[in-house]
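Heads up, the thing below is written out as structure tokens.
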Amino acid sequence: IDDATPPETLSERSLDAVADFIKAGKARRIVVLTGAGISTAAGIPDFRSPDTGLYANLAALDLPEPEAVFDLSFFRTNPRPFYALAKDLYPGARYRPTVSHVFIALLARKGLLHMLFTQNIDCLEREAGIPADRIIEAHGSFAAQRCIECKREFDGEKMRASVARGEVPRCEGPAAPRDGDGHGPGDGGEGDKGGAGPRCGGLVKPDIVFFGESLPSDFFSAIPRVSEADLVLVMGTSLQVRPFANLPSMAAEGVPRVLFNLERVGDFGTRADDVLALGDCDSGVRRLAAALGWREELEAAWRAL
Ligand code: APR
């Protein structure tokens, strides 16, 4: 779209026009799509930024290629690089939500958040106070973990302790029945008495979506929310990974789409009502909050975290 083409819905392609659109009550179902860029200000590196991104700094872990750290088949052969990374990424008190997270929580508080789809695994959306029923963690999270062989859930505290020690946790459930010996879970076989029976011993992995795994079912069931949106905000993502990267193009024609990102990504700029707020997302969000008259409320909510 060149600048000569007038927007269809907004008065102009600017954050002030987006603020007027929201203040006029024309945005009641806002869908927000986020990536690692909204957590870099919290101290969590993103993946693909040239120098600071995780993928630029995994070389020390002698991986075939950076993404292997999140590849299921590689994990089976060597889980140590993932667990070295997990130690840095594991959610804990040391990371707090950013202004961008808090702005999304403000939208929810004002009844304007139709759905947040995040690719992040840091759980900062929950900590910012966004209601769980308005969050789709498209790439899973560290909230739970299980054995990749028998799928038995693994204890959260044991997981935290293993990660803190940089150790690879192993499944302690009873070994799966071997063919022919007739023993199986629930038949009182020696593995069930919690006694010294053989242990499964499978690798434990958090419920993070690895390359090669399908996204959670609630991602797919929530996709219609994007086509119901009357405003779409995209923040801090390179839109490199499908199917998440397909979401922005599911916005209905004429629905304004705002990109808060250091760089232009995806098909942003091809629609008449695309607004590109290029630069640091926290600054862009602060500019929009100011135009909405929410700046004090935003800063107070962020300080109160
Ligand atoms: N403000 C605005 N944009 C930022 C900021 C910031 N403070 N910091 C980084 N960015 C931008 C980067 O320029 C980049 O375009 O955020 C984007 C981050 O892109 P990625 O590092 O690729 O992260 P993301 O898009 O979330 O990656 C998607 O890839 O490896 C998989 O599963 C992993 O969920 C992840 C997925």
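The basis for the numbers below is simple: all heavy atoms, side chains too, and nothing from hydrogens, waters or symmetry mates. Keep in mind the model is a prediction, meaning the values are calculated, not measured.
- Pairing each heavy atom of Asp230 with each of Ala27, the nearest pair is OD1-CA, 3.4 Å.
- Residue-environment remark: NZ (Lys26) stays at or below the threshold of 12 foreign heavy atoms within 6.0 Å.
- Between Glu172 and Arg152, none of the side-chain N atoms (NZ, or NE/NH1/NH2) sits under 4.0 Å from a carboxylate O, so this pair counts as no salt bridge.
- When the options Arg303, Lys110, Arg286 are evaluated for a salt bridge (charged side-chain N to carboxylate O under 4.0 Å, His left out) with Glu297, the one that passes is Lys110.
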Would Phe47 and Phe70 satisfy ring pair (Phe, Tyr, Trp, His ring centres under 6.0 Å), going step by step from the backbone distance to the final call? CA-CA 11 Å; Phe47 295 93; Phe70 292 121; 5.8 Å; yes
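- With respect to Asp273 and Arg257, no salt bridge is recorded, no charged nitrogen being found less than 4.0 Å from a carboxylate O.
- A donor atom on one side chain and an acceptor atom on the other are not found under 3.5 Å apart for Thr34 and Gln119.
- A salt bridge links Lys205 with Glu213; the closest basic N to acidic carboxylate O contact falls under 4.0 Å.
- By the criterion of side-chain heavy atoms lying less than 4.5 angstrom apart, applied directly or through intervening Ile, Leu, Val, Met, Phe, Trp or Tyr residues, Leu276 is grouped together with Leu33 in one hydrophobic cluster.
- Side-chain polar atoms of Thr118 and Glu137 form no donor-acceptor pair below 3.5 angstrom.
- Tyr95 is not listed as a side-chain neighbour of Ser39, based on a closest heavy-atom distance of 4.5 Å or more.
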So Val234 and Val258, side chain to side chain contact (heavy atoms under 4.5 Å, CB included) or not? Walk me through it. CA-CA 6 Å; Val234 177; Val258 188; over 6 Å; no
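- By the rule that hydrophobic residues join a cluster once side-chain heavy atoms approach within less than 4.5 Å of another member, Val69 and Met159 end up as members of one cluster.
- Put simply, Val18 and Phe103 are part of the same group of oily side chains (I, L, V, M, F, W, Y) that touch within less than 4.5 Å, one to the next.
- Ion pair Arg271/Glu8 not flagged as a salt bridge, since none of the NZ, NE, NH1 or NH2 atoms sits closer than 4.0 Å to an Asp/Glu carboxylate oxygen.
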Do Asp71 and Ser73 pass the side-chain hydrogen bond (donor to acceptor under 3.5 Å, both in side chains) test, and can you show the C-alpha distance, the side-chain angles, and the key distance before you say yes or no? CA-CA 6 Å; Asp71 180 282; Ser73 46; 2.5 Å; yes
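- Note: Phe142 and Phe82 have parallel aromatic rings, judged against thresholds of 30 and 60 degrees for the angle between ring planes.
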Check against side chain to side chain contact (heavy atoms under 4.5 Å, CB included), Leu116 and Glu125: CA-CA 9 Å; Leu116 163 67; Glu125 300 85 3; 3.5 Å; yes
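- In terms of heavy-atom proximity, Pro7 sits nearest to Glu12 at CG-CA, 3.7 Å.
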Leu298 and Leu106: CA distance, side-chain angles, deciding distance, side chain to side chain contact (heavy atoms under 4.5 Å, CB included) verdict: CA-CA 7 Å; Leu298 175 67; Leu106 224 49; 3.9 Å; yes
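- At a threshold of 4.5 Å between side-chain heavy atoms, the hydrophobic network of Ile, Leu, Val, Met, Phe, Trp and Tyr places Val99 and Ile135 in one connected group.
- Taking the side chain as every heavy atom from C-beta outward, Phe74 and Pro81 approach each other to under 4.5 Å.
- Minimum heavy-atom separation, Phe219 to Pro243: CE2-CG, 3.8 Å.
- For CZ of Arg264, the number of neighbouring non-hydrogen atoms (other residues, nucleotides, ligands) closer than 6.0 Å is greater than 12.
- Salt-bridge check for Glu149 with Arg76: passed, with a basic side-chain N closer than 4.0 Å to an acidic carboxylate O.
- By the rule that hydrophobic residues join a cluster once side-chain heavy atoms approach within less than 4.5 Å of another member, Ile38 and Val232 end up as members of separate clusters.
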Intermediate values then yes/no, side-chain hydrogen bond (donor to acceptor under 3.5 Å, both in side chains), Ser49 and Asp46: CA-CA 6 Å; Ser49 278; Asp46 69 9; 2.6 Å; yes
Run the numbers on Arg160 and Asp155 for salt bridge (charged side-chain N to carboxylate O under 4.0 Å, His left out), then give the verdict. CA-CA 9 Å; Arg160 193 172 291 278; Asp155 175 69; over 6 Å; no
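- Atom CD of Glu65 sits in a crowded spot, with more than 12 heavy atoms from other residues, nucleotides or ligands closer than 6.0 Å.
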